[in-house]
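Just so you know, these numbers use all the heavy atoms, side chains as well, and skip hydrogens, waters and symmetry mates. Protein chains get the first letters and strands the later ones, always in sequence-line order, with residue 1 at the start of each.
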Amino acid sequence: MTKHLHLHKNTKFLSLFHTNKSAIFTKASSFTTSTATPWNTHLRNLSKHGQYNEALILYRQMLQSGATPNAFTFPFVLKSSASLSLPITGKQLHCHVIKLGCESEPFVQTALISMYCRCKLTEFAQKVFDEMPQRNLTVCYNALISGYVQNGNFLNGFLLFSEMRLRGVLFNAVTVLGLVPGCTASRYLWLGMSLHCLNVKCGLVNDLAIANCLLTMYVRCASMELARKLFDHIPEKGLITWNAMISGYAQNGLAGEVLELYHEMELLQVNPDAVTFVGVLSACANLGAQKIGFEVEEKIRSSCMRWNVFLKNALINMYARCGNLAKARIIFDEMPEKSLVSWTAIIGGYGIHGLGNIAVELFDKMIETGIQPDGTVFVSVLNACSHAGLTERGLNYLDLMKREYGLKPCSEHYSCVVDLLGRAGRLEEARKLIELMEDEPDGAVWGALLGACKIHKNVELAELAFNKVVELEPTNVGYYVLLSNIYTEANSSEGILRVRLMMRERKLKKDPGYSYFECKGKTYLFVAGDRSHPQTKEIYKLLNRLEDTESEYGGANRNGQEVINHEPPNIIGVHSERLAIAFALLNTEIGADILVIKNLRICNECHSFVKRISKIVDRLFVVRDATRFHHFRNGTCSCNDYW
DNA sequence: CTAGGGTTAG
């Protein structure tokens with residue numbers, strides 16, 4: 001509709017005033033006056049209510065009717081073209097401003113700067129700013145600073161802020177709110193902290209919006225301790241404060257803290273909203289806390305948030321990651337409009353639970369539906385392929401990603417494909433693929449190769465992968481343990497010694513592996529060899545009985561080979577998932593879901609143990625293996641719980 | 001009569 005405003009540069013503006021009224025816009029005749037004031041009032045109302053398109057149409061009608069816009073007119077229409085991100089209309093309006101001699105009005109100048117920034121034309125905004133006779137207006141600085149920041153140029157914003165202070169122009173809350181959100185990476189943390197100090201000094205932190213903004217800044221710099229410190233110092237927290245903290249914890253993987261804070265919120269009777277629930281559900285997904293997730297779903301269902309797409313996606317993700325694929329699928333199928341995120345969540349869910357065939361089927365269906373895939377959904381589908389051993393399929397997807405969609409695979413994709421090739425025993429191809437990577441491979445990529453070397457007992461390549469990986473992640477204990485296990489299998493005591501020495505030199509210690517069992521909303525945690533639980537005696541007794549029963553049942557693994565008990569004689573070596581299972585069997589009624597969650601890669605022996613036990617006792621176990629890819633970075637390998 | 005701002009999913 002605003003097409004008519006896209007005038008060519010050379011269009012004679014004044015001619016617009018005198019075109020004949022009756023031509024196109026007969027409706028405009030209902031409103032004929034040559035003074036701008038009534039039009040301005042009307043424009044203000046439209047702009048105030050977000051009816052920007054209508055405002056631009058009205059402006060056109062204003063010109064048609066022969067009224068002359070004035071300095072009061074332009075801020076409204078400039079804001080409209082800014083909000084709709086219409087750079088051509090914006091430039092056209094700038095021409096109008098000049099023709100009507102309004103270019104020296106501060107209100108108009110600020111609106112122009114803001115308009116150019118929101119149309120991503122910061123160089124034009126800067127030009128308007130530079131041409132101002134005296135640049136002493138806080139609002140102009142504010143507009144340009146937030147413009148630079150929102151276009152990803154935090155440093156320019158910061159430079160302007162410094163200039164402003166040098167010149168003695170006062171800054172205010174809006175300046176800070178425009179600048180601080182640009183501080184998004186830990187390399188800018190010190191700038192963010194100095195801004196924080198400055199705000200404390202001038203008392204601006206007492207403004208809740210500023211405090212929220214600084215809090216978010218710390219979250220984005222991944223500095224959760226500082227975020228929490230600030231949070232605790234805010235006397236009257238708003239819902240946004242709570243949400244910022246909760247989603248901050250969720251994004252930084254501190255799921256336990258999310259649930260803690262959510263609980264605190266409930267105690268203080270702060271009413272959560274959709275944003276809160278998205279964070280809480282993401283934490284539930286990470287912890288496998290399906291029960292709490294279910295309670296959240298009940299709350300959502302009985303509220304007006306029922307149709308919120310963000311929440312639907314979060315629910316799909318939560319159920320899928322907790323292993324309740326049936327429930328995730330129902331929610332997914334019921335969604336009238338599935339977004340890329342919905343597809344990613346359900347595909348990823350099937351993928352991590354080994355149902356790769358369903359995952360790839362869904363992916364192909366998504367493509368048929370005409371949804372444009374992005375890098376993340378390719379991570380999901382490649383991951384699904386590697387879990388399900390769909391080697392060729394996975395390689396095809398990598399190719400499709402590059403060729404058909406022009407997406408550049410990143411480390412995460414390569415670590416999936418290296419894993420895929422590695423599991424299939426194609427170690428040499430995996431190594432070559434890493435060499436061909438455009439970007440430097442990260443630890444996860446070499447780690448995937450190292451993992452593959454363990455499966456296929458390739459000591460030589462394992463050493464190469466290990467050397468690369470410890471260079472990138474020298475403190476990740478998991479890789480040392482992995483290499484040590486490779487040496488163990490190869491009977492290389494010299495190798496084992498070397499790794500242990502290295503770990504001692506670097507003062508690295510393996511954290512004990514742990515598992516949780518969730519029951520009636522409570523989580524029970526077990527570390528390897530745990531004897532601290534009051535039911536320890538019963539647990540170990542049951543465990544012994546189970547392992548006896550197991551041998552009665554033949555004790556054969558998937559390949560039909562006899563299972564050798566790898567447990568060391570020391571009781572400390574009892575892996576945590578076994579303890580969690582025994583505890584679960586002691587404390588739940590038949591029929592209840594049993595959930596065991598590992599923080600790390602479950603070892604093959606435990607994996608087959610869980611499978612066999614679940615058949616013997618006819619109960620459902622869901623084991624989550626959280627080590628793959630990006631999770632591996634902070635995780636450790638549990639294959640050697642008795643270390 | 002007029003300009004500048006904060007929290008959300010994989």
Going through the checks in order, is the side chain to side chain contact (heavy atoms under 4.5 Å, CB included) test met by A/Gln51 and A/Leu56?
CA-CA 9 Å; A/Gln51 295 174 298; A/Leu56 290 176; over 6 Å; no

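- A/Phe124 has its ring centre no less than 6.0 Å from the ring centre of A/His94.
- The residue A/Phe76 sits close only to the backbone: its heavy atoms come under 4.0 Å of sugar-phosphate atoms, none of a base.
- Atom CD of A/Glu298 has more than 12 heavy atoms from other residues, nucleotides or ligands within 6.0 Å.
- Among the heavy atoms of the strands lying under 4.0 Å from A/Asn317 are primed sugar atoms or P, OP1, OP2 only; no base atom is included.
- Less than 4.0 Å separates DNA chain B from at least one heavy atom of each of the following residues of residues 166-177 of chain A: A/Asn172, A/Val174, A/Leu177.
- More than 12 non-hydrogen atoms from other residues, nucleotides or ligands lie less than 6.0 angstrom from CD of A/Glu123.
- At the heavy-atom level, A/Leu43 lies nowhere under 4.0 Å from the strands shown.
- Within the nucleic acid shown, A/Ser114 comes within 4.0 Å of sugar-phosphate atoms alone, with no base atom in reach, counting heavy atoms only.
- Seen from the ring of A/Phe332, A/Lys338 counts as a face-on cation partner, given the 6.0 Å and 45° thresholds.
- Here A/Asp374 lies in heavy-atom contact (under 4.0 Å) with a base.
- Here A/Arg118 lies out of heavy-atom contact (under 4.0 Å) with every strand.
- Across all strands shown, A/Ala209 has heavy atoms under 4.0 Å from base atoms, whether or not it also approaches the sugar-phosphate.
- Look at A/Glu297 and A/Lys312 and you find no salt bridge, because none of the NZ, NE, NH1 or NH2 atoms lies under 4.0 Å from a carboxylate O.
- Cation-pi geometry between A/Lys299 and A/Phe277 is not met at under 6.0 angstrom from the ring centre and within 45 degrees of the axis.
- First and last contacting nucleotides of DNA chain B toward chain A (any atom under 4.0 angstrom from a heavy atom, 5' to 3' order): B/dC1 to B/dG10.
- Heavy atoms of A/Ser380 sit nowhere under 4.0 angstrom from any nucleic acid atom.
- The residue A/Ala274 sits apart from the nucleic acid: no heavy atom pair falls under 4.0 Å.
- Remark: the backbone N or O of A/Ala82 is not paired with any side-chain donor or acceptor of A/Ser85 at under 3.5 angstrom.
- A donor-acceptor contact under 3.5 angstrom links the side chains of A/Tyr141 and A/Glu163, judged on distance only.
- A/Val139 comes within 4.0 angstrom of a base, heavy atoms only.
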